[in-house]
Number of protein chains: 2
Amino acid sequence: MNQLDESLLSAIPPFRRLDRAQIREILDLATPARFDERQAIFEEGAEASRFYLLLDGVIRVIRTTPGGDQIIVLHIAAGQLFGIAPALGHDTYPATATAAGECLVLGWPVRLWPTFVEKYQGFATETYKVVGERIDEMNNRIVELATQAVEQRVACALLRMLNQTGKKVDNGIEITFPITRANISEMTGTTLHTVSRLLSAWEKQGILESARRHIVVTDPHRLVQLSTSAA
Amino acid sequence: MNQLDESLLSAIPPFRRLDRAQIREILDLATPARFDERQAIFEEGAEASRFYLLLDGVIRVIRTTPGGDQIIVLHIAAGQLFGIAPALGHDTYPATATAAGECLVLGWPVRLWPTFVEKYQGFATETYKVVGERIDEMNNRIVELATQAVEQRVACALLRMLNQTGKKVDNGIEITFPITRANISEMTGTTLHTVSRLLSAWEKQGILESARRHIVVTDPHRLVQLSTSAA
DNA sequence: AAGAAACGTTGTCCTGGCTCAAACTCTGAA
DNA sequence: TTCAGAGTTTGAGCCAGGACAACGTTTCTT
């Protein structure tokens, strides 16, 4: 139906083992959509009616506390499935997903999930592998939040983003989507003020370069040091 | 082979839909084991060779940081599967599981996992539902650690244990397994000193009664208040 | 072009809770 | 019954980082 290229899926883990015809089938069932920065793909608490694959861009998964604080639960990088709550027994999304920058997304109705699992060899296994990785990441963040000081947590958050979506540029590694001090504070459980001070200090030390909503890490190795040991 | 009663499994979600013969089969493949307090069922980093079902008791899942801090990632209540890392694509356990009190456990070799999924209708679905719940809980803890003050976090931790394994007694709800101030501090990212002070204060206010390694919450409702709002 | 909104920086103050220290109380082992 | 180890309590001091405040800068809107 739609004119998507098979190569879009053939490199992505849950679809990697499928042949061209199968991928064609899956693409024909998908609804592609483009989202602008800050636009929500789905909201926390809404009925989980679709699951998605992120083709391009970065998605921010957000939770809001009763007290009104927002915290960023995780970032989704291109090539990842998301909104797969229904596959884990939820009938409502447990968090809000918004586009961190411009995004290209494929969506399928949840009723196709069992079909995919049944029909496509390895699909379930590969997907649950992704879930496993996400659990790992969440575990790490819990340990981090419980044991590390703010400076280390911010360093970890930057490194995590570099690993997931960083792009090599001439003077370092760039975070490829718009990000504010406030965003980083929402990932690390601190305030935008503290983040601002840290980034300023690091910029002075030549660890990174930052402009409004934009960060390039020039010395990732130093950042790794900061993320583990103090000072 | 072993003389376990079918009723042990028939009430547990992933097995609920199975008939007696199927449950018998599964039981015959299982290795039952008893663990004493503080005994490890498996260690972080070890090859994930088996998955388990907790029949009785409580399991503590622990991670150790490079810095030597321990933090309690979650508690497993009776009736839950655990050590299912291999089903999520890990070939090594991401955390250590130790018996919080005396425990009765069934274990199966991982090679049976695909068999179970294939052979027993609903097994996979139900299991991933459990995974979904665990992800939810982890999400909540991340938000909690990122936004709440120590007092609220400790209150949340107590409530979580009450919900999972609390037992009604005449004067309140009891935490059914031995737990120290240090344990609670490892769940909440604080120090045993602070936990001690909080519990003392709460005991003075009649919210709970505590003895060495033992807590009974007499006013859970008040604890809920403490877990959301300050003071 | 002007105003508003979003984003970022920096300063000052103040407190929650961590650190260090010491003592007390159980429990179990020998 | 004594001792060692594990668990708990309490005190005193200190500082990382949150709260509050004000201002600078860039971007968007009209």
Side-chain angles (χ1 to χ4, degrees), chain A residues 36-38 65 67-71 98 100-101 144-155 157-158 175 177-205 208-216 226 229-231, chain B residues 36-38 60 65 67-72 98 100-101 144-155 157-158 175 177-205 208-216 226 229-231:
Chain A
D36 288 334
E37 200 187 325
R38 259 171 269 232
T65 67
D69 305 277
Q70 273 198 349
I71 96 114
T98 61
E144 212 177 286
L145 284 165
T147 65
Q148 313 215 264
V150 169
E151 183 177 37
Q152 300 168 43
R153 300 207 302 267
V154 173
L158 287 180
I175 292 176
F177 54 96
I179 186 152
T180 67
R181 317 293 185 224
N183 287 332
I184 297 176
S185 75
E186 285 162 7
M187 305 175 59
T188 50
T190 178
T191 62
L192 72 163
H193 308 277
T194 301
V195 173
S196 177
R197 282 182 242 266
L198 281 172
L199 293 192
S200 295
W202 290 345
E203 187 148 20
K204 222 164 281 174
Q205 294 170 45
L208 53 80
E209 288 166 21
S210 77
R212 147 176 286 235
R213 291 155 49 88
H214 189 85
I215 296 176
V216 176
L226 284 171
S229 66
Chain B
D36 287 334
E37 201 187 324
R38 259 170 269 235
R60 240 193 271 286
T65 67
D69 305 277
Q70 273 197 348
I71 95 116
I72 295 175
T98 61
E144 212 178 286
L145 284 165
T147 65
Q148 313 216 264
V150 169
E151 183 177 37
Q152 301 166 44
R153 300 207 302 267
V154 173
L158 288 180
I175 292 176
F177 54 95
I179 186 150
T180 67
R181 318 295 185 226
N183 287 332
I184 297 177
S185 76
E186 285 162 6
M187 306 175 60
T188 50
T190 178
T191 62
L192 74 163
H193 308 277
T194 301
V195 173
S196 177
R197 281 182 243 265
L198 281 172
L199 293 192
S200 295
W202 290 345
E203 187 148 20
K204 221 162 283 173
Q205 294 170 46
L208 53 81
E209 287 165 21
S210 77
R212 146 178 287 235
R213 291 153 51 87
H214 189 84
I215 297 175
V216 177
L226 284 170
S229 67

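FYI, side chains are in, hydrogens and waters are out, and symmetry mates aren't considered; it's all heavy atoms of this structure.
At least one side-chain heavy atom of A:L208 sits under 4.5 Å from a side-chain heavy atom of A:L158. Here the side chains of A:I184 and A:L198 are not in contact, with every heavy-atom distance at 4.5 Å or above.
Taking atom CD on B:E151 and atom P on C:dC18, their separation rounds to 13 Å, with Å as the unit. Counting to the nearest Å, the C1' atom of C:dG8 and the NZ atom of A:K204 are 14 Å from each other. Here C:dA6 presents its C1' atom at 16 Å from CD1 of A:I179, a figure rounded to the nearest Å. Rounding to whole angstrom units, NE2 of residue A:H214 and C1' of C:dG8 are separated by 16 Å.
Between the base of C:dC7 and the side chain of A:R181 there is no donor-acceptor pair shorter than 3.5 Å.
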Apply the test side-chain hydrogen bond (donor to acceptor under 3.5 Å, both in side chains) to residues B:R181 and B:S210: give CA-CA distance (whole Å), side-chain angles for both, the deciding distance (0.1 Å), then the verdict. CA-CA 10 Å; B:R181 318 295 185 226; B:S210 77; 3.1 Å; yes

Stepwise, does the side chain to side chain contact (heavy atoms under 4.5 Å, CB included) test hold for A:H214 with A:V216? CA-CA 7 Å; A:H214 189 85; A:V216 176; 3.9 Å; yes

Run the numbers on B:L192 and B:T180 for side chain to side chain contact (heavy atoms under 4.5 Å, CB included), then give the verdict. CA-CA 9 Å; B:L192 74 163; B:T180 67; over 6 Å; no

Side chain to side chain contact (heavy atoms under 4.5 Å, CB included) for B:L199 and B:I215? Distances and angles first, verdict last. CA-CA 9 Å; B:L199 293 192; B:I215 297 175; 4.0 Å; yes

Could you please spell out the steps behind the side chain to side chain contact (heavy atoms under 4.5 Å, CB included) verdict for A:T191 and A:V150? CA-CA 10 Å; A:T191 62; A:V150 169; over 6 Å; no

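When each of B:A182 and A:R212 is assigned the nucleotide of DNA chain D with its nearest heavy atom, B:A182 is the one assigned upstream, toward the 5' end.
The pair B:E186-B:R60 does not count as a salt bridge, with every side-chain nitrogen at least 4.0 angstrom from each carboxylate oxygen.
A heavy atom lying under 4.0 Å from DNA chain D marks the following residues of residues 191-201 of chain B, by number: B:L192, B:H193, B:S196, B:R197, B:S200.
The distance from atom CD1 of B:I71 to atom OG1 of B:T188, rounded to the nearest 0.5 Å, is 9.0 Å.
Between the axis at the start and the axis at the end of the helix from C:dA1-D:dT30 to C:dA30-D:dT1 there is an angle of 40°, using five pairs per end and rounding to 10 degrees.
Running 5' to 3' along DNA chain D, contacts with non-hydrogen atoms of chain B at under 4.0 Å begin and end at D:dA6 to D:dA12.
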